[in-house]
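First the structure, in the form of structure tokens, and then the observations on it.
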There are 2 protein chains.
Amino acid sequence: MFQLDLKNGKPIYEQVVDKFKELIINGVLKPDDKIPSVRDLAQQLTINPNTIQKAYRELEYQGYIYSVQGLGSFISHPKTTIDHVKANQLKEQISSDIFELLYMGIGTQELKDFLSSILTSWKGGKEND
Amino acid sequence: MFQLDLKNGKPIYEQVVDKFKELIINGVLKPDDKIPSVRDLAQQLTINPNTIQKAYRELEYQGYIYSVQGLGSFISHPKTTIDHVKANQLKEQISSDIFELLYMGIGTQELKDFLSSILTSWKGGKEND
DNA sequence: TAACTGTACTAATAGTTATAGTACATTACA
DNA sequence: TGTAATGTACTATAACTATTAGTACAGTTA
């Protein structure tokens with residue numbers, strides 16, 4: 001399903017969480033899609049099942065998947081209400097990253113073009129709904 | 001000089017690093033400004049000097065400060081060349097954060113306005129050079 | 001010399017991460 | 001019914017990280 005970088009410094013379960021979030025946000029995984037079982041994915045990635053379980057628990061806590069005993073784990077439906085606390089955290093992160101880029105000397109026009117290209121490339125799986 | 005959140009989950013030395021980076025990037029601290037000694041800042045924040053030392057070592061490694069034995073630690077002059085590896089890492093982080101905001105349901109126009117306001121507010125201490 | 005500075009260690013403690021193993025409840029299906 | 005697969009919840013252990021504590025040394029200033 002995807003690759004891991006075990007020498008990344010970043011905890012394995014966080015890498016799993018991030019990968020799934022990326023696939024969900026980019027529309028590769030769609031609502032009610034089934035994801036591999038804890039034991040299967042652990043075997044595929046040759047890591048311990050507990051590590052996957054921790055990742056799935058975190059993904060469920062963050063609202064990206066839901067799990068049903070005996071059935072498996074599945075992609076959640078997007079929320080209809082915005083979590084403003086989380087949104088503001090993301091905004092602050094974006095803000096400080098942009099400031100750091102500007103401090104490093106990136107051109108204002110280059111930065112604008114980069115941000116425009118992100119907005120343009122946003123499809124997010126909405127087109128197939 | 002600033003406040004710490006000891007119950008943040010984030011390591012203390014990383015919080016110190018981030019705070020200094022913020023002050024430097026926003027132009028509050030200017031090149032060759034002296035920052036508190038390892039022992040002084042540790043006393044101010046009531047934490048261990050080794051934690052501050054680790055933060056300063058990291059800041060020096062990242063190029064934000066320079067230290068001179070017997071003299072103290074000071075704000076570095078901005079680099080004249082862009083670190084493209086670091087710039088690309090920042091771009092990827094910005095990109096995924098923006099996608100996450102869009103996935104959460106933030107309006108495209110609201111996002112554009114937010115990004116514009118960041119660019120507008122960029123002064124970064126260049127005006128007093 | 002005395003006081004301050006950064007730097008480099010060792011050691012101990014607490015917390016986190018990952019692995020290993022076990023057990024139990026729920027679901028689907030033959 | 002029974003079996004296999006699933007999620008879930010534990011305990012235990014080892015390795016690593018973060019933090020504190022203490023000591024020591026070298027360079028700078030007055």
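Chain letters run A, B, ... following the sequence lines, proteins first and then strands; every chain starts at 1.
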At under 4.0 Å between heavy atoms, which parts of nucleotides 20-30 of chain C does protein reach? Answer with one letter per nucleotide, 5' to 3': B base, S sugar-phosphate only, - none. BB-B-BBBS--
Solution key, residues 67-75 of chain B side-chain donor-acceptor pairs under 3.5 Å, sequence neighbours excluded:
residue: Ser67(B); atom: OG; partner: Ser73(B); partner atom: OG; Å: 2.8

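One hydrophobic cluster holds both Val16(B) and Ile35(B) under the rule that ILVMFWY side chains link at heavy-atom gaps under 4.5 Å. Residue Ile98(B) is grouped with residue Leu23(A) when hydrophobic side chains (ILVMFWY) are merged at heavy-atom distances under 4.5 angstrom, including chains of intermediate members.
A donor-acceptor contact under 3.5 angstrom links the side chains of Asp32(A) and Tyr66(A), judged on distance only. Side-chain contact annotation: Gln62(A) with Glu58(A), donor-acceptor N/O pair under 3.5 Å present.
Near DNA chain C, meaning a heavy atom under 4.0 Å away, the residues from residues 55-65 of chain B are Glu60(B).
Listed for the Asp33(B) side chain is a donor-acceptor partner under 3.5 Å among the backbone atoms of Lys30(B).
Remark: C1' of dT19(D) and OH of Tyr13(B) are 11 Å apart, rounded to the nearest angstrom.
OP1 or OP2 of dT5(C) sits under 4.0 Å from a side-chain N or O of Ser37(B). At dT5(C), none of the side-chain N or O atoms of Ser73(B) fall inside 4.0 Å of OP1 or OP2 (strictly under the cut-off). Within the structure, every side-chain polar atom (N or O) of Ser67(A) is placed at least 4.0 Å from both OP1 and OP2 of dT6(D).
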